[in-house]
Amino acid sequence: MKKSNKIAVVGIGKWGKNLIRDFSKISNITKCSSTGDPNNIKWLKKNYPKIKYVAKLENIFSDPKIDAVIISTSIESHYTIAKKALESKKHVFVEKPISVNVTQANKLIKIA
């Protein structure tokens with residue numbers, strides 16, 4: 001299967017690792033970002049050496065080659081990251097829940 005989609009993952013914790021493993025089977029994950037836990041970065045480099053770790057989310061949002069962003073961070077940050085990704089014209093997958101309240105979820109739907 002050709003992996004033509006270019007994806008970035010934000011969050012390399014427990015669920016982020018699962019998502020990296022599963023999405024890497026069907027897509028081309030090119031970048032990952034996280035809060036900077038050295039153990040998670042080490043895990044990424046060991047298991048997925050072709051995926052570039054970036055410390056700043058802007059390196060993901062401004063990359064025209066990235067088609068989609070997978071968000072697996074703390075629930076409180078889902079809205080802010082998803083909003084920025086959508087405004088950057090990226091497709092978005094958010095590990096549930098999409099936001100902390102319905103108002104934020106509705107705003108994301110309108111942006112999408």
Side-chain angles (χ1 to χ4, degrees):
M1 176 189 307
K2 184 180 175 188
K3 298 179 185 179
S4 59
N5 295 346
K6 301 234 184 316
I7 293 178
V9 177
V10 179
I12 315 174
K14 179 181 177 183
W15 280 106
K17 290 173 183 160
N18 290 333
L19 293 168
I20 291 168
R21 182 191 67 235
D22 291 338
F23 274 94
S24 68
K25 294 174 185 175
I26 59 170
S27 296
N28 183 11
I29 301 173
T30 59
K31 293 181 180 179
C32 284
S33 185
S34 70
T35 56
D37 181 330
N39 292 321
N40 291 337
I41 298 168
K42 183 189 281 186
W43 175 89
L44 179 69
K45 290 181 179 186
K46 177 183 176 191
N47 293 287
Y48 297 91
K50 292 183 180 180
I51 298 175
K52 181 179 179 182
Y53 176 81
V54 296
K56 295 182 179 182
L57 291 177
E58 189 54 39
N59 290 329
I60 291 172
F61 301 137
S62 65
D63 188 338
K65 294 179 183 174
I66 292 178
D67 303 307
V69 178
I70 298 168
I71 302 167
S72 181
T73 59
S74 65
I75 296 166
E76 296 77 22
S77 66
H78 285 181
Y79 172 76
T80 303
I81 297 169
K83 182 177 184 277
K84 183 66 176 170
L86 289 168
E87 290 172 342
S88 300
K89 307 298 183 204
K90 310 296 184 196
H91 298 284
V92 174
F93 174 95
V94 181
E95 183 60 41
K96 63 186 175 184
I98 193 168
S99 64
V100 295
N101 60 52
V102 174
T103 301
Q104 287 180 342
N106 285 331
K107 286 179 183 178
L108 292 175
I109 291 167
K110 285 181 182 179
I111 295 168

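We number each residue from 1, following the sequence as shown. These figures come from a predicted structure and were not determined experimentally.
Within 6.0 Å of atom NZ in K84, 12 or fewer heavy atoms from other residues, nucleotides or ligands are found, so the atom counts as exposed in its surroundings.
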Derivation and outcome, side-chain contact (heavy atoms from CB on, under 4.5 Å), residues F93 and L19: CA-CA 10 Å; F93 174 95; L19 293 168; 4.0 Å; yes

CA sep, side-chain torsions, deciding dist, call: F23, V9, side-chain contact (heavy atoms from CB on, under 4.5 Å): CA-CA 10 Å; F23 274 94; V9 177; 5.8 Å; no

What verdict does the side-chain contact (heavy atoms from CB on, under 4.5 Å) test give for V69 and V10, after you've listed the backbone C-alpha separation in whole Å, the side-chain angles of each residue and the deciding distance to 0.1 Å? CA-CA 7 Å; V69 178; V10 179; 3.8 Å; yes

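Going from atom NZ of K50 over to atom OG1 of T30 covers 13.0 Å, rounded to the nearest 0.5 Å. If you take SG on C32 and CG on N40, they are separated by 10.5 Å, rounding to the nearest 0.5 Å. Taking CG from L108 and CD1 from I98, the interatomic distance works out to 5.0 Å, rounded to the nearest 0.5 Å. Here the CD1 atom belonging to I20 is positioned 5.5 Å from the CG atom belonging to L44, to the nearest 0.5 angstrom.
Linking ILVMFWY side-chain heavy atoms closer than 4.5 Å, directly or via other members, places I51 and I60 in two distinct hydrophobic clusters.
Qualifying side-chain hydrogen bond (donor to acceptor under 3.5 Å, both in side chains) partners for T35, counting only residues two or more places apart in sequence or in other chains: none. Every residue meeting the side-chain hydrogen bond (donor to acceptor under 3.5 Å, both in side chains) condition with N18, not counting sequence neighbours, appears here in chain and number order: R21. Remark: Y79 pairs with no residue by the side-chain hydrogen bond (donor to acceptor under 3.5 Å, both in side chains) rule, at least two apart or across chains. For E76, there are no salt bridge (Lys or Arg N to Asp or Glu O under 4.0 Å) partners, not counting sequence neighbours. Considering only residues two or more places apart in sequence or on other chains, W15 meets the ring pair (Phe, Tyr, Trp, His ring centres under 6.0 Å) condition with none of them. A search for side-chain hydrogen bond (donor to acceptor under 3.5 Å, both in side chains) contacts involving S34 returns Y53, not counting sequence neighbours. Here D22 pairs with K25 under the side chain to side chain contact (heavy atoms under 4.5 Å, CB included) rule; sequence neighbours left out. For the ring pair (Phe, Tyr, Trp, His ring centres under 6.0 Å) test, residues two or more places apart in sequence or in another chain that qualify with Y48 are W43.
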For residues 61-68, tabulate all N or O donor-acceptor pairs below 3.5 Å that involve a side-chain atom, not counting sequence neighbours.
{"unit_1": "S62", "atom_1": "OG", "unit_2": "E58", "atom_2": "O", "d": "2.7"}
{"unit_1": "D63", "atom_1": "OD1", "unit_2": "K65", "atom_2": "N", "d": "2.8"}
{"unit_1": "D63", "atom_1": "OD2", "unit_2": "K31", "atom_2": "NZ", "d": "2.9"}
{"unit_1": "D67", "atom_1": "OD2", "unit_2": "K6", "atom_2": "N", "d": "2.9"}

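With hydrogens and angles ignored, the 3.5 Å screen pairs a side-chain donor or acceptor of S99 with a backbone N or O of A105. Judged by distance alone, the side chain of H78 and the main-chain N or O of I71 form no donor-acceptor pair under 3.5 Å.
Sequence neighbours left out, not one pair with a member in residues 90-104 passes salt bridge (Lys or Arg N to Asp or Glu O under 4.0 Å). For the side chain to side chain donor-acceptor pair (under 3.5 Å) condition, no pair includes a residue of residues 103-112, sequence neighbours left out.
Among all heavy-atom pairs drawn from S33 and A55, the shortest one is OG-O, 3.7 Å. The two atoms that bring S77 and T73 nearest to each other are OG-OG1, 2.6 Å, heavy atoms only.
The hydrophobic cluster containing I75 also includes V100, under a criterion of side-chain heavy atoms closer than 4.5 Å among ILVMFWY residues, counted directly or through chains of members.
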